[in-house]
Each structure stands twice: as structure tokens, then as C-alpha cells.
Amino acid sequence: MTLDARGRRAGADLRREVDHLGSSQPDRGSFARFERIRARKHRNRRIGAGLVAAAVTVAAIVFLGKVFAPVGRGEPAAPAVPGGRILYADASSEGLAAWFTVRPDGTAVRDLGIETTCAVWYPDGSGILITNDDAAGPAAPLRPAVVDPDGSNLRPLDATENPDLNLGCGDVSPDGTRIALEGFGQDGHPNLDGIYSVRASDGGGLVRLLRGTVAPPWYSPDGTRLSFFGTKQGVSPTGSGALFVMGADGSDPVRITPWGYAFDDHAWSPDGAWIVFQRPYGRLYLVRPDGSQLHQIPLRLEAGEGALEPSWSPDGEWIVFSLQRADRGQIFMIRPDGTGLRKVTGAPGVQAERPDWGTP
């Protein structure tokens, strides 16, 4: 999804704003590498004739480094890992990402046999919501689909008939009845950009919740709110923005982080008390949904490493994320207090990204 170009226009369309709270000035070398990772993540957006690759372009800097350090890096032994399965992407090839699942202890890796831009678990673990990229083209806009947990039995959710509207990445409501998605025009026109909601049963019942070029939304655990990422011209560093929370019906969007403090990757804790997000560049932060108690997770990283795309374990005791180093990534997990760092995946040559921890 090419959110970077569209994100620069987001602020003009948001219904409600709060004052600018300031921003930081991180290391520029880290910026170059993490923007390349984000470009790879969002390159696969179908518009009109097919796949369009676009991203923020910056000076290319390659970090020199050794392989990932041993798990734990001197941390005390971590508590037992909970169950469930972690869904993740391998984006090491050019084109759509291949998707896999793995147990939290790193065993039982399964190739789902699907290639798509986005994939997330249904709340009850009964299926996986994907972008149906293979079906998109000149005469068919992008629509969501659902597959079984093993990647089989693809069911298109294509009841929305507007041929000019693409429906991309998104999230399933906790009760499994609705899907909130980013939308954008088939020919790249911004008048259709926004956040939409459709029925989870067939993809029909389209409702527009918010206008503007914003990143995919995420439901709060109780289903009453949606969070999303937005940016605007002049925000520094380039491609960064802020997190917002609004009602699930699109009401009262409120900014909860300072401008320049966030990229689009974020997730609600299972109890709804926290939102974890990536701050430029590759640092994990926590914030309350009302914007209070903003603080960094004390994750010790080596030079050239960064933590991206965080998600929570179903019990709220762990945060899983993609640890990037030298243009390669693996999936790690950590406690919200910064302890118990563990490595989940470790296959050589894999660009492991976008983890999502499903229920047992």
C-alpha cells in the first residue's frame, strides 16, 4: 500500500485537530534505511492497470553489521511463552509478500501459499483477512478476501460495487461483523481516499467513516473506537505523522501523539489500555488511547537495528515485532517493560515483516 505519498495530504481532511506538540530529530542514517523498509512494505498497491510501486525516496545507506545477536542479550530468562500462532510476511522477493505462520516458540513454521500485500487474523482466529491482489486489475478494483488459517479456501469479499473505489488493508471488528479499511480511488484521485467500513460476511454495506489519505485503521478491543495514522505537509521527519483515535462510526477523531512521533505501524493492547507504535526510527513506544503516559519501551538495540510493526500477544503479556538490521528482518518478541527479548524466526535470507499474533 503506497501510504507515503497519500499520507502527505492527510491533515487537510481530518475533522478535528489539536495543537502541534513538537517532534524529535533522529539520526538521518537510520531514516534512510527504515524508509527503504517502509517502501518495500507499501510498494504493492493495485491501481488501474495493476501494481504500482511508490515510496519515499531517500539517500541509500547500508548498515554494516554482523548477524543478529543471540536471543536475550544478557536478559534474565523470560517467562513461558503463551500459545497462539504468529502470522508474518516474507518480503524478500520483488512483488507481493509471501505469508507464513509460526508458533511463538519459533517451531511449526507453515507456508500458507498465499501472496498478498496485507494479512491479519480474524479476532477469533477463524480466518485471515487479506487484500485480494490477484483479482485486482484494470476492470476490477482491489477488494478484501478471507482465507482459512492454513491459507486455503479463499472467499472474496467483493459485494461493494463501486468500480472506482479500491478497498485495501484493514482490520476486523471484535465481534467479526464489520471490516474497517483504507479506501482510495481507482485512478489515484484523492476524492475517494478515506476510511471505510463493510460487512465481514460479503464486503457489502459500504459506509464511509472518514475522508482523507490516511493509513489503515485498527479496532479497539471493545469495538467502539478505531485508531489510524495520518500525516500532513511539513511534518518532520519525512513520512512520519501522528496517531489518531476516533469512534468506530468515524466520529470525533483526536490526535494522541505529537506530530513526527509515529509511523503507521501500531496496535491496541488486548485490554484496550495501551497502543504500541513505532517512533522514528525503529523505536517502540506506548501511549494511552487518550494520549497520556507516552513512553519508550526500553529495548536495547545494537547499532543499525530497528524495531518495526509491533503487535500484541492475545494475553497482553508480550509485544511481537520485526527487528530489522542490514536490510534483513526477523521476528522477535519482548515484554512491554522491555524484558525477556526472544527471537521467533531466524531463516537466512528472509525479510520477515508485519507480524500479527492470533488467538490460540
Side-chain angles (χ1 to χ4, degrees), residues 1 3 6-21 118 120 122-123 129 144 157 159-160 162 165-185 190-233 235 241-259 261-277 286-294 312:
M1 294 292 163
L3 304 178
R6 296 183 290 121
R8 287 191 289 271
R9 305 194 307 273
D13 297 292
L14 296 172
R15 298 198 195 106
R16 180 173 175 183
E17 271 297 325
V18 291
D19 294 335
H20 173 44
L21 300 178
C118 297
V120 295
Y122 267 62
L129 177 70
L157 304 177
T160 293
N162 186 345
L165 174 66
N166 290 282
L167 296 174
C169 302
D171 191 27
V172 184
S173 65
D175 64 4
T177 62
R178 303 289 295 183
I179 299 172
L181 305 148
E182 62 161 348
F184 49 94
N191 61 309
L192 290 176
D193 289 355
I195 293 176
Y196 293 79
S197 174
V198 297
R199 288 190 299 265
S201 59
D202 63 357
L206 182 73
V207 177
R208 190 172 192 171
L209 303 178
L210 188 74
R211 296 178 181 271
T213 48
V214 295
W218 298 97
Y219 278 103
S220 63
D222 62 5
T224 64
R225 292 172 290 178
L226 285 166
S227 60
F228 62 94
F229 166 87
T231 188
K232 63 179 182 179
Q233 290 184 349
V235 174
L243 296 183
F244 294 77
V245 171
M246 67 179 182
D249 60 357
S251 60
D252 300 326
V254 177
R255 178 160 59 89
I256 65 167
T257 69
W259 285 113
Y261 254 59
F263 284 142
D264 57 320
D265 306 313
H266 69 280
W268 292 79
S269 64
D271 62 2
W274 295 98
I275 295 176
V276 62
F277 67 95
L286 291 169
V287 66
R288 297 286 190 186
D290 63 2
S292 64
Q293 298 186 46
L294 175 69
W312 293 83

Roughly how far, to the nearest 0.5 Å, is the [atom2] atom of [Y] from the [atom1] atom of [X]?
{"X": "Ile256", "Y": "His266", "atom1": "CD1", "atom2": "NE2", "value": "7.5 Å"}
{"X": "Asn166", "Y": "Phe184", "atom1": "CG", "atom2": "CZ", "value": "4.0 Å"}
{"X": "Ile179", "Y": "Ser197", "atom1": "CD1", "atom2": "OG", "value": "8.5 Å"}
{"X": "Asp264", "Y": "Trp218", "atom1": "CG", "atom2": "CH2", "value": "9.5 Å"}
{"X": "Leu210", "Y": "Ile195", "atom1": "CG", "atom2": "CD1", "value": "5.0 Å"}

Closest heavy-atom contact between [X] and [Y]?
{"X": "Gly230", "Y": "Trp259", "value": "O-CZ3, 3.4 Å"}
{"X": "Ala242", "Y": "Pro258", "value": "CB-O, 3.9 Å"}
{"X": "Pro253", "Y": "Met246", "value": "CA-CB, 3.5 Å"}
{"X": "Pro217", "Y": "Leu226", "value": "CB-CD2, 4.1 Å"}
{"X": "Arg178", "Y": "Gly205", "value": "NH2-O, 2.9 Å"}
{"X": "Asp171", "Y": "Leu129", "value": "N-CD2, 4.1 Å"}

Angle class for the Phe244/Phe228 ring planes (parallel below 30°, perpendicular above 60°, tilted otherwise)? parallel
Using a 3.5 Å distance criterion without hydrogens, assess whether the side chain of Ser173 forms a donor-acceptor pair with backbone atoms of Gly223. no
Any side-chain to backbone donor/acceptor pair from Arg288 onto Leu294? Under 3.5 Å, distance only. no
Check against side chain to side chain contact (heavy atoms under 4.5 Å, CB included), Leu206 and Leu165: CA-CA 11 Å; Leu206 182 73; Leu165 174 66; 3.8 Å; yes
Which residues share a ring-ring contact (aromatic ring centres under 6.0 Å, His included) with Trp312, sequence neighbours left out: none
For the residue pair Tyr261 and Val287, establish whether any side-chain heavy-atom pair is separated by less than 4.5 Å. no
Hey, does Val198 have a side-chain heavy atom less than 4.5 Å from the side chain of Leu157? no
For Ala248, enumerate each residue passing the side chain to side chain contact (heavy atoms under 4.5 Å, CB included) test, keeping only those at least two apart in sequence or located in another chain. Tyr219
Could you tell me if Thr160 and Asn162 have a donor-acceptor pair between their side chains, going purely by distance under 3.5 Å? no
Side chain to side chain contact (heavy atoms under 4.5 Å, CB included), that's the test. Do Trp268 and Val245 meet it? Break it down for me. CA-CA 11 Å; Trp268 292 79; Val245 171; 4.3 Å; yes
